[in-house]
Protein chains: 2
Amino acid sequence: MDQVAQHAGVSVMTVSRVMNNVPGVKKTTREVVMRAVKELGYSPNAAARSLARHGSGRVGLLYSNPSAGYLSEILVGALDEAQRSGALLVIEKCDLSLESEKAAIGRLVSGGVAGVILPAPHADSQPAIAELQDHGVIAVAVGTGRSRSDANVVRMDDFAAAADMTRHLLELGHRRIGFVKGAENQTVSMERLLGFEHEIRNTEPAATALIEPGNFTYRSGFEAAERLLSDPQPPTAIFASNDDMAAGVVAAAHRRGLDVPGDLSVAGFDDTHIATAVWPELTTVRQPVARMAEAALRIVLDESRSGRDRARDGKPVDRMLPHELIVRTSSGQVPVRN
Amino acid sequence: MDQVAQHAGVSVMTVSRVMNNVPGVKKTTREVVMRAVKELGYSPNAAARSLARHGSGRVGLLYSNPSAGYLSEILVGALDEAQRSGALLVIEKCDLSLESEKAAIGRLVSGGVAGVILPAPHADSQPAIAELQDHGVIAVAVGTGRSRSDANVVRMDDFAAAADMTRHLLELGHRRIGFVKGAENQTVSMERLLGFEHEIRNTEPAATALIEPGNFTYRSGFEAAERLLSDPQPPTAIFASNDDMAAGVVAAAHRRGLDVPGDLSVAGFDDTHIATAVWPELTTVRQPVARMAEAALRIVLDESRSGRDRARDGKPVDRMLPHELIVRTSSGQVPVRN
DNA sequence: GGTCGAGATGTTAGCGCTATTAAAAATGTC
DNA sequence: GACATTTTTAATAGCGCTAACATCTCGACC
């Protein structure tokens with residue numbers, strides 16, 4: 001850093017200001033510094049930064065055992081941003097029991113984290129958020145269905161995404177569509193269901209929805225499909241609330257000798273690994289998980305820095321990231337009824 | 001740390017020595033310090049440590065897009081150990097092309113890492129290892145099949161594990177067993193095949209092996225199973241070289257109306273997420289991925305510290321971690337021939 | 001022209017830890 | 001018991017960066 005400062009003919013402090021995008025640096029100076037940084041190939045030392053910032057920049061991440069692919073995306077996103085902004089990621093494992101969650105949060109707090117990222121399914125854990133709040137630690141829920149008044153939230157528009165997917169199926173001509181719900185304890189499950197129902201209700205000619213419970217596991221998807229397909233008038237498309245369940249649906253269809261998408265269209269949600277692992281590859285909704293994790297980390301960092309002087313005043317952040325409909329080969333035109 | 005030192009009646013340096021297991025501290029002193037550490041709930045600051053150690057403790061991790069579940073386990077293991085030993089993980093993404101690999105390594109090296117962890121499939125990338133060596137950076141290959149003379153290795157005994165699984169199938173009475181090979185460019189594929197063949201050859205009464213190519217993807221497993229099952233004398237069990245392919249095998253069996261394990265036993269390898277996601281849950285071999293990542297990180301740290309004074313002398317480390325046979329419901333007694 | 005003030009930069013003092021060097025205590029030797 | 005030798009412990013100086021405050025620059029205004 002000294003070298004950069006010398007090369008640019010300024011003091012180290014100015015370099016620091018430039019590197020951190022602190023306002024109050026003349027544009028020309030900033031440019032000179034930037035050029036020096038590039039020429040010398042300088043990159044700041046995360047450890048030193050974290051140290052000088054008084055241990056700020058320690059961020060916790062609670063994880064249990066979600067869809068695995070989900071976790072790796074979360075980790076990659078968070079780690080990436082952590083590196084960029086010089087934060088230190090402290091990850092802590094727990095299972096879904098309340099004690100375990102509480103214990104993990106305790107470890108995180110005593111580890112001196114400024115904030116904690118709560119990916120699904122912890123994003124909907126009221127006790128976890130309350131616990132964090134009690135300790136004065138910033139909480140960011142990632143992948144929850146709704147905005148919250150007591151915690152920052154990073155999410156996608158599950159309602160709109162489910163509606164998009166439903167519209168896709170309707171446009172392919174399907175009018176009898178099965179839906180496999182997600183786990184009850186996650187708010188996204190409800191949002192996705194509502195988005196589905198909203199589109200079904202508002203279509204012309206009218207469509208019929210066949211709704212089955214599920215809990216985000218492959219097996220529950222398989223079983224729901226078994227029930228749906230043994231209906232005297234089975235659906236021509238099934239929309240499962242996540243990819244694991246959609247894979248289960250495909251398996252159930254294959255077991256009955258049904259072709260996908262020839263006889264049955266299948267749609268998933270999340271675009272996790274399994275979506276492209278199974279065959280045919282799943283039509284699904286891409287959830288920008290890595291980007292969401294990045295955003296969550298950024299929120300913790302921003303809040304922890306600004307929150308020091310100004311009292312806890314404002315509303316929590318609610319950041320919504322765009323989703324994307326991914327059409328692959330598991331969905332197709334409605335079969336012609338003989 | 002000051003507090004701990006005061007509480008224990010020693011200097012901070014002694015505390016530092018104790019925390020780092022440096023030899024040259026009297027046993028009694030060490031105990032006193034330990035007690036003080038516990039009573040005060042002290043935990044060292046990773047950032048400060050990394051800073052003082054002159055930036056040592058920066059470790060790179062190259063990842064592409066492996067089995068997803070694999071990546072998250074690697075990350076969790078590495079991150080966990082990184083935190084414990086105060087190292088900083090720098091992760092870098094790349095795809096399988098050589099330029100991309102080289103570019104990622106370049107970024108890592110200029111980021112000043114002491115070593116780089118290469119999980120599969122990069123573990124078998126000769127150019128990557130050579131590149132690292134050129135830059136004088138420690139390389140650790142994780143999940144390769146063989147020991148190497150030019151890089152440290154953390155692995156499991158793929159040969160023995162495949163043999164174990166084969167023996168399991170033989171003990172269930174199967175004598176006509178299909179095997180789906182892994183990708184050609186990974187050494188573990190060969191090890192697993194050899195382990196399988198070894199057991200098949202050494203069994204009484206004699207067994208028959210039906211070997212099909214595969215490339216670790218669900219689809220290749222599916223297709224291999226299609227070929228195996230359309231044999232006039234189909235196997236009663238299929239052993240796939242990883243879980244994704246095993247899931248494909250199960251799907252192919254279901255599609256033909258075969259019950260698993262009633263008509264066909266299926267075995268996988270790795271015990272990734274998909275093993276318990278599909279139904280029936282897969283009998284597989286547990287690969288201790290997280291533990292392997294931990295070990296890899298530790299090797300980098302140890303080597304980088306000791307390597308400073310003594311010249312590059314000794315053989316590279318070859319650490320083999322134990323595997324475990326996981327019997328679930330996808331494997332069963334050989335069906336009685338009618 | 002001189003004073004004021006706001007914005008732009010520079011200075012200094014650590015953040016928590018470890019290397020290094022110096023000192024003290026324990027051990028051994030005759 | 002005096003001295004050399006080996007442990008074991010203490011003191012001090014940074015690692016690379018940023019917060020807080022000090023200083024400077026320069027135009028506005030009386």
Side-chain angles (χ1 to χ4, degrees), chain A residues 1-34 36-37 40-58 83-88 111-112 114 301 304-309, chain B residues 1-33 36-37 40-58 83-88 111-112 114 301 304-306 308-309:
Chain A
M1 199 160 169
D2 265 345
Q3 291 181 31
V4 175
Q6 223 167 322
H7 193 93
V10 298
S11 76
V12 284
M13 199 53 228
T14 304
V15 177
S16 169
R17 286 205 185 84
V18 171
M19 293 309 287
N20 292 293
N21 277 317
V22 175
V25 180
K26 227 186 342 193
K27 213 168 178 182
T28 54
T29 314
R30 187 175 295 267
E31 276 161 13
V32 171
V33 173
M34 283 302 217
V37 166
L40 272 65
Y42 162 79
S43 90
N45 178 321
R49 184 181 280 188
S50 161
L51 184 56
R53 283 217 270 248
H54 199 83
S56 138
R58 233 137 96 155
Q83 212 184 305
R84 212 168 320 148
S85 48
L88 237 50
L301 264 25
S304 76
R305 197 188 291 206
S306 67
R308 225 174 299 162
D309 17 52
Chain B
M1 198 159 170
D2 266 344
Q3 290 181 31
V4 174
Q6 224 168 321
H7 193 92
V10 298
S11 77
V12 284
M13 200 48 228
T14 305
V15 177
S16 168
R17 285 206 189 82
V18 171
M19 294 308 289
N20 291 293
N21 278 316
V22 174
V25 181
K26 229 190 335 197
K27 215 172 179 179
T28 55
T29 315
R30 187 176 294 267
E31 275 161 16
V32 171
V33 173
V37 166
L40 274 65
Y42 163 78
S43 91
N45 178 319
R49 183 181 281 188
S50 161
L51 182 56
R53 282 218 268 250
H54 200 85
S56 139
R58 235 135 96 153
Q83 211 185 308
R84 211 169 321 151
S85 47
L88 236 52
L301 262 27
S304 75
R305 198 187 290 206
S306 68
R308 226 175 297 161
D309 17 53

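Order of the sequence lines sets the chain letters (A, B, ...), proteins ahead of strands, with each chain counted from 1.
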Do any side-chain nitrogens or oxygens of A/Thr29 fall under 4.0 Å of OP1 or OP2 in C/dT9?
yes
Within-4.5 Å side-chain heavy-atom neighbours: B/Val15 and B/Gln6:
no
Enumerate all atom pairs, one protein N or O and one N or O from nucleotides 13-16 of chain D, separated by less than 3.5 Å.
unit_1	atom_1	unit_2	atom_2	d
D/dC15	O2	B/Ala52	N	3.3
D/dG16	N2	A/Ala48	O	3.3

Over 12 non-hydrogen atoms of neighbours within 6.0 angstrom of CD in B/Glu31:
yes
Any side-chain heavy atom of A/Arg49 sitting closer than 4.5 Å to one from A/Asn20?
yes
A/Val22 and A/Arg30: which non-hydrogen atoms are nearest, and at how many Å?
O-NH2, 3.0 Å
Could you tell me the separation between the NZ atom of B/Lys26 and the C1' atom of D/dA10, rounded to a whole number of Å?
14 Å
Inter-end axis angle, the helix from C/dG1-D/dC30 to C/dC30-D/dG1, with every axis fitted to five base pairs (rounded, 10 degrees):
40°
Please assess A/Met1 against A/Asn45 for the test side-chain contact (heavy atoms from CB on, under 4.5 Å), listing each intermediate value before the final yes or no.
CA-CA 9 Å; A/Met1 199 160 169; A/Asn45 178 321; over 6 Å; no
Should A/Val33 and A/Arg17 count as side-chain neighbours, where that means a heavy-atom distance under 4.5 Å?
no
pair A/Val32-A/Val10: side-chain heavy atoms closer than 4.5 Å
no
Rounded to the nearest 0.5 Å, how far does NZ of B/Lys26 lie from OG1 of B/Thr14?
11.0 Å
Nearest-Å distance, CG (B/Asp2) to P (D/dT12)?
13 Å
Ignoring hydrogens, what is the shortest heavy-atom contact between A/Ala36 and A/Ala8? Give both atom names and the distance.
CB-CB, 3.8 Å
Close approaches to DNA chain C from residues 3-25 of chain B, in residue order (heavy atom, under 4.0 Å)
B/Met13, B/Ser16, B/Asn20
